[in-house]
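Since we're looking at a predicted model, the values are computed, not measured. Note on naming: letters A, B, ... go to the chains in the order of the sequence lines (proteins, then strands), and numbering restarts at 1 for each one.
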Amino acid sequence: MGVPARPRLELMAADGRLDPRALAALWAGKLTARVSRGLRLGGGTTLPGDVSRFIDPHILRKLAVGFEQGTMVVTGTNGKTTTAALLRRILEVEGRQALANQAGANLIFGVTAAVVDRARWNGRVPASVGLFEIDEASLPLLVADTAPGTIVVTNLFRDQLDRYGELETAAGHIRRALRQGPEGVTAVLNADDPMVASLGDDLPRVVYAGIDDPALLQPELRHGADARFCPRCGSALEFSGVYFGHVGHYRCPRGDFARPRPTVRATRVAFEGIDAMRLTVTDGRASVEVKAPLSGLYNAYNVVLAMAAATAVGIPLPKAAAALTDFTPAFGRMERVVIDGRPAVLLLAKNPTGFNEVLRTAIAFGEGHTFVLALNDRIADGQDVSWIWDVDFEQLRDVADHIVVTGDRAADLRVRLKYAEVPADRVEVIDSWREALHEGAALTPPDQTLFVLPTYTAMLELRSVLTKEGVLQPYWSR
Amino acid sequence: MPSPRRLRIAHLYADEMNIYGDRGNLLTLRKRAEWRGIAVDVTAIGRDSAPELDAFDLLFWGGGQDRDQQLVFADLTVNKAEGIRAAVARGAVVLAVCGGYQLLGNYYVTADGQKLPGLGLLDTYTVPGPRRNIGNVLIDAGRLGITPPTLVGFENHSGKTYLGPGLQPLGRVIRGTGNNGEDGTEGVAAGNVFGTYLHGSLLPKNPQLADLLLARALGETLAPLDSTVELAAHAMVAARVLR
């Protein structure tokens, strides 16, 4: 299979030049980006998009025509940013320049802002591929605007129910987008997530990706898993093994539905520390060894999905594998910094499954003894903090020596840790972001690493402290 | 010499209706009992099985995603109604949150106009509302004789629930929507049967309500526990919604 035909977009101007309205939208957006950067309003990751779309609602559609090799989109609950970053690395090593949106700025305005900001003043885009991570609810809009050739769906977990309603709704958005997608769109789906796999029904082009390493399968479905019922008949799915949450090997007992056999699959996954893993990945034609500076099963899925997406655009597996060796993790996803002389790792933890896997990774290598946990309840975090009760903080009871709790909802986390029976003298609530980080570092013994686990906006707050103190670069200048 | 104390909790439709935070409610009940030397068994009750529900002291029923909630209707009246009624008649405590609360009533009309029969345990009904009500809630539940008299939680529902004449709400809304956004009521408290839209989770930040449920389920007065941490979270949410 070669590169799928570039989907056609209806052009506003057949010669590729922008009409005056689009130009006005572009310029207004670009100026907004400059001003907000100048004023340090947080890098202007979405505001230019709002401005541009207000002036010309079709601005993204008009600019996206310029991506000669089309656009690729990554959606799902967890892993969007890392999967997109891995894919970007593969594309760039292959000589395909990708224009991507800022990590986390994954509503349509964030995508628009990124394209407007990077486009030239005449509307030309300085890249051959548009590579966007997008929230499920915004996917239909993005598909309408950019007619992506490849859509990657990582997984579907409960996340931010207050904002989007329910899992089924999220799946519905994606299903609709895949149906309305351009002819020739390839869906790259996680075969091991039942609801994601079911999105492939009657789609002409699907690449399923999954993990086939029996050594990592756990026997039973733990609590907190969703999507455990057959999408066709509602019977409880039978799992012969689970990797995490509801992700694993499953079938409907009535024979209506089963895990599709993945085309691109990891047959062996070995973790070699908190930021090193080795995978054997095969697509039936080639079998390759992949080394990536990441850890955790969730990241193994990100790697397999990125490689599957690469094969969907004609990049052979060995080339994709080679590109990943010197990959740099996306910001806040396993970011290493030094605070007051202590090594620290920033790990975004935004929902139960993500949090559990991050905790598991931190603990698995015997390194996690001191933690800063930061919980916010702003729009981007989800305003409902009930989800912390589905996180297995019990894992910390026997390993954590010190836990500093901070954030707008630190009080809720403090209660959660009490009911996980973490001894009270090991937990400290500190409201100030800055003091929480320094106290965490002070509590970390010289030979150990501080683990900082924030929700999304808490991570922005903590990073901003670290940026001010010169420990980190601002994220928009990376 | 008191007999060995044991609390038996049934988690109704544990697989089908377990949306965010129900584990917080169950964990709070469990730990607050265990910390007082009371052993706790939690039994997950699924579809099909028809266990002796009247053997339980406390029935907990959480909320579900719409699709999962549909799976429950067929089972409810056939396999569970009688057992739940018998348990309530015997004095068992029921705590039903969100979806479970809606299903306690006479009927429930879905967003697409389908009228589904509820358990009929309480004279309430639920109809679809024009929008989803989402946010932090503060109610006055002083009628229950709890200290502090307020309850805090998070609501996320589009259904509007109405109480029949003679039914008392769990509390009066201070901030938030509550049952229907019209009559200022939130939830229901009828004897030992409690229904509410509050999650967030409900019980961890309202330890006084957790203790009330435990005391009623066990039929005894409970020794006090230090709840400083829980009440700090309670006060933090109350202060935020009043701000």
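The shortest distance between side-chain heavy atoms of A:Phe229 and A:Leu237 does not fall below 4.5 Å.
Proximity to chain A is absent for every atom of B:Asn133, based on heavy atoms less than 4.5 angstrom apart. Both the backbone and the side chain of B:Thr28 come within contact range of chain A, with heavy atoms under 4.5 Å apart.
Using modelled atom types, no side-chain atom of A:Asp401 and backbone atom of A:Thr370 make a donor-acceptor pair closer than 3.5 Å.
A:Asn78 and A:Asn155 get closest at one heavy-atom pair: N-OD1, 2.9 Å.
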Verdict with supporting geometry, A:Glu461 and A:Arg378, salt bridge (Lys or Arg N to Asp or Glu O under 4.0 Å)
CA-CA 12 Å; A:Glu461 296 282 1; A:Arg378 302 178 194 172; 2.7 Å; yes
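Of all residues spanning residues 235-243 of chain B, those with a heavy atom less than 4.5 Å away from chain A's heavy atoms are B:Met236, B:Val237, B:Arg240, arranged by number.
Ranked by heavy-atom pairs under 4.5 Å with chain A, the first of B:Arg30, B:Arg32, B:His234 is B:Arg32. If you tally non-hydrogen atom pairs under 4.5 Å between each of A:Val385, A:Val429, A:Ile388, A:Asp412 and chain B, the highest count goes to A:Asp412.
Ring pair B:Phe154/B:His199 is perpendicular by interplanar angle, where above 60° counts as perpendicular and below 30° as parallel. The aromatic rings of A:Phe355 and A:Phe393 sit perpendicular, their planes meeting at an angle over 60°, well past the 30° parallel limit. In this structure, A:His249 and A:Tyr243 have perpendicular ring planes: the angle between them is above 60°, well past the 30° mark. Taking the six-membered ring where tryptophan is involved, the planes of A:Tyr419 and B:Trp35 are tilted, since the angle between them lies from 30° to 60°.
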